[in-house]
Every structure is written in C-alpha cells, then in structure tokens.
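None of these values were measured; they are calculated from a predicted model.
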Amino acid sequence: MKRSIAYVFTFIMVFLTVLGAASTKSFAAPKNVVVVIDPGHGGEGDRNLGAQYNGLSEKELTLRVANALKAELEKYDGITVYTTRTTDTAISLEDRAAYAKSVGADFVFSIHFNASGDHAFYGSEVWTSTFGNYYVAGSEFGNIVQSQWNELGLYQKGVKTRIGSSGKDYYGIIRACVARNMPCVIMEHAYLDHGYDVSKIKEGDFINKLAVADATAIAKYFKLKSSITGADYSGFKYASVKKPGRVLYQDETGPEKCEIKVLNYDISSGNVLVEMSTRDSQSPVIYFTYSYDGGKSFNILQMWDRTKETQSFNVKVPSGTVNPTIVCASYNNYEKGSLSNPVQVAATFNY
Ligand SMILES: [Zn+2]
C-alpha cells in the first residue's frame, strides 16, 4: 500500500514537472530575433556599382529595397533590424559580416539584383551556403521567399549553392557569414538586363512590393506577428529541408537529354509544331528556346514546365523561308544549356 502511494506520488510529481515545463515554455517571452539586411554593392568604381542596365543601378535598388524592408520588418514584434549600409558607400564583404556578428545577427539577408553575360536570363534566385545547417536555413527561407516573389509574377529559378576553388562557399558574403556562424542568403530579386523583369521593376511601386514580399517571408520564417498590422505568422508551417549528407556541388553541365521531333507544320500560318524531350538529373530544366535557321538565331527564352519531361510548342517560321532547320535548346537553373538535334522541314513557307 505504502509503496503504491509512493508510486502514485512519484507519478504525480513527474506529471506536474512535465506540466510545469510545458507551461514555462509556452509563457516564456519569445526570443528576440536579430536580422541584418545587407544592401549589396555601394560606393564608386566599377566593382561597387553592381549591375547597371536600362537606366537601373543595382547599388541604388538594393538600398531602396533594404530601407523599405527594414521599415516593413519593424512593424513586427520581437525583431531588431540592422542594415550594413544606409548610404551609397563601399563596404567590404568581410566588414559587412563582421558588423552583422557584432550586433548578434541570427540571419543575414543580402539584397541583390541580377544580370547575365548574354542578357538571356530572367527571374529570381536565392544563393545559400552548401554546408549543413547553413544550407538548411538558407533553403527553408529561400523556399518561402520564392513563393512570395512568385506572387508578384517573377519567374522562380530556385535555391542554389556554389563552391569555390578553395572548397568553401563561392560567394564572399555567404563565406564570411558562415565563418562567423551566421546563416546568410543572397537574394537575387530580378534581372536588370532582361525586358521581362525590367518591365516589372519599372512599375511605380514594384520596389516596395519586393520589400513587402521579403519582409513577409522573413516574418513567416521566424513565425513573427505584428501588433501594428495584425499579421500573425506564429502558426506558419513550412516544409523542412533535410541537412545534406554530402557536399553539394553546382551543376556544371547542361541537360543530358535534349531531343526534338517535328509533329506537323502549316506553310500557310508559319507554325511548326515541335515536340521536345529534355532531362537534367542534377538540377531542374527551367528554360527552353528554338531556332528556325539551324541555330544561327534563337527566340527569347521561354519558361519550361519543370513538372514534365516532354512538351510541344509551335515554332513560328517567317514567310518566305525555304526548308527551315529547327534546332531547340534547354537550360537548367544553373544556366547551362544543351542543343537538340536539328530537324529540317522540306517546305517553302509563304503566307
Ligand atoms: Zn549584386
């Protein structure tokens, strides 16, 4: 009897202890989150300007996004926001990371806009560290912010990693933050050298929309709420990303499969119906393009439905073309492309 009372007593004590722990946890003040917003580039000299196209300046846009993002984030409770620069000044990547460390950053968000060598690509992308929990944090946040950017009509290229010849992260700001134990992402919002993105960026309030999208993603990631706006992401759930079991390398090669056949054609409309099959086992195929002159000139990149391996589309051949040769190409999200087999259409197109 005595013994069983002791058991019951012990059980109750354990139960109360568990209950106590649980209630302590739920009533504890949430930990304040510290984030550092890093507007990329800044200052004079070619290296500091960032991308400069179509009357748009990367170093100016990053600062505008950062300022609007800070103001937006400060509407949330339990967050302190710092920025690495507030004026048009040059700061080294090491100094940006050191500053973030000095203020106790939980996460560093580096704001950028993109450009490509042949001005062919468009869309948004997120770069994260290739290593362990830094990869997990960057990927989980990256997935959230990409769904916010997608709502603004930007094409989403994905979350990517890149290793340099040193075996560490290729991008300096990510490398410098990881060296100081802080997760960091580079947020490439859009391309300044492609009409598809530029037309959006030039919409009057688009920079502010980007800042709100970024802030919403950060609030969702940290499960914040705002007593000012009433926004409440405390119950927000997102898919967890698995910690990589090996070092992740960037994709250096184009899709291993890129094949076409001509299904039919109509000389009176100029349409050639092409079926294309393309596959890349390392990274998603996200763009395709086509040529009717054997690959001398290509149409602008189209969006490839990455859920399908085979798709068909019309190639428009201009009137007056004799025996056009159709060649297509597909690109993965590392911008590596592969050319298809050529197919000649034995016909004169007049319409
Ligand atoms: Zn940049």
Side-chain angles (χ1 to χ4, degrees), residues 36 38-41 47-48 50-51 58 62 84 92-94 96-97 100 105 107-146 149 154-194 197 214 217 241-256 280-287 301 304 306 330-338:
V36 167
D38 172 42
H41 311 279
R47 282 186 67 235
N48 301 320
E58 186 180 0
T62 58
T84 55
S92 76
L93 301 177
E94 285 292 327
R96 291 169 197 250
F107 213 125
V108 177
F109 300 94
S110 194
I111 309 296
H112 285 260
F113 287 82
N114 226 335
S116 68
D118 49 7
H119 316 307
F121 304 102
Y122 53 87
S124 320
E125 62 190 10
V126 174
W127 292 97
T128 181
S129 171
T130 190
F131 300 108
N133 287 328
Y134 302 105
Y135 171 82
V136 172
S139 300
E140 288 178 346
F141 170 75
N143 291 338
I144 299 169
V145 80
Q146 288 202 89
W149 289 339
L154 291 165
Y155 191 50
Q156 296 309 305
K157 298 176 64 190
V159 180
K160 303 195 284 183
T161 62
R162 184 172 173 187
I163 293 186
S165 53
S166 64
K168 294 178 177 156
D169 286 303
Y170 173 83
Y171 290 109
I173 188 67
I174 294 176
R175 197 171 61 241
C177 286
V178 167
R180 292 169 175 82
N181 277 311
M182 298 175 291
C184 171
V185 284
I186 295 175
M187 299 159 70
E188 295 283 2
H189 289 77
Y191 281 80
L192 303 186
D193 62 342
H194 195 288
D197 288 354
D214 293 356
V241 170
K242 231 180 120 225
K243 194 167 156 178
R246 58 182 177 83
V247 175
L248 303 170
Y249 288 91
Q250 57 272 26
D251 191 350
E252 306 273 15
T253 53
E256 64 259 23
D280 190 322
S281 51
Q282 293 167 291
S283 48
V285 174
I286 65 166
Y287 305 109
L301 293 184
W304 180 259
R306 56 194 87 174
S330 62
Y331 290 83
N332 61 35
N333 74 341
Y334 279 86
E335 297 101 34
K336 301 293 181 200
S338 293

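Relative ring orientation between Tyr122 and Tyr287 is described as perpendicular, the plane-to-plane angle rising above 60° on a 0-90° scale split at 30° and 60°.
Of all heavy-atom pairs between Ile173 and Ser110, the closest is CG2-OG, 4.1 Å. Of all non-hydrogen atoms in Asp197 and Gly123, the two that sit nearest each other are OD2-N, 2.7 Å. When every heavy atom of Val108 is checked against every heavy atom of Ala100, the shortest pair comes out as CG2-CB, 3.6 Å. Of all the heavy atoms in Val285 and Ser330, the pair that sits closest is CG1-CB, 3.9 Å. Taking all atoms of both residues into account, the shortest heavy-atom contact from Tyr334 to Thr161 is OH-O, 2.8 Å. In plain terms, the two heavy atoms of Asp214 and Trp149 that are nearest each other are OD1-NE1, 2.9 Å.
Put simply, the side chain of Asp38 does not reach to within 4.5 Å of the side chain of Ile111, judged on heavy atoms. Gln282 places a side-chain heavy atom less than 4.5 Å from the side chain of Thr253. The side-chain heavy atoms of Ile163 and Tyr249, taken from C-beta on, include a pair separated by under 4.5 Å. Two residues are said to be in side-chain contact when any heavy atoms from C-beta on lie closer than 4.5 Å; Ser283 and Asp280 meet this criterion.
Applying the salt bridge (charged side-chain N to carboxylate O under 4.0 Å, His left out) definition to pairs two or more places apart or across chains, those involving residues 123-136 are Glu125-Lys157, Glu125-Lys160.
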Without placing hydrogens or testing angles, list every side-chain donor-acceptor pair under 3.5 Å for residues 136-144, not counting sequence neighbours.
from: Ser139; atom 1: OG; to: Tyr135; atom 2: O; distance (Å): 2.8
from: Glu140; atom 1: OE2; to: Val241; atom 2: N; distance (Å): 2.8
from: Asn143; atom 1: ND2; to: Ser139; atom 2: O; distance (Å): 3.3

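A side chain to side chain donor-acceptor pair (under 3.5 Å) with Ser124 is found for one member of Glu188, His189, Gln156 and no other, namely Gln156.
Using a cut-off of 4.0 Å between Lys/Arg side-chain N and Asp/Glu carboxylate O, Glu94 and Arg175 are scored as not salt-bridged.
Atoms CD and CG, from Glu256 and Asn332 in turn, are 9.5 Å apart once rounded to the nearest 0.5 Å. Here the straight-line distance linking atom OH of Tyr331 with atom OG of Ser338 works out to 9.0 Å at 0.5 Å rounding.
Side chain of Glu58 to main chain of Gly50: no donor-acceptor pair is present (N/O by atom type, distance under 3.5 Å, no hydrogens or angles).
Partners of Tyr134 under the ring pair (Phe, Tyr, Trp, His ring centres under 6.0 Å) rule, at least two apart in sequence or in another chain, do not exist in this structure.
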Next item on the list: Could you give me the CA-CA distance, side-chain angles and deciding distance for Glu335 and Ser116, then say whether side-chain hydrogen bond (donor to acceptor under 3.5 Å, both in side chains) is met?
Entry: CA-CA 9 Å; Glu335 297 101 34; Ser116 68; over 6 Å; no
Note to self: Test side-chain contact (heavy atoms from CB on, under 4.5 Å) on Tyr191 and Phe121; report intermediate values, then the result.
What the structure shows: CA-CA 7 Å; Tyr191 281 80; Phe121 304 102; 3.9 Å; yes
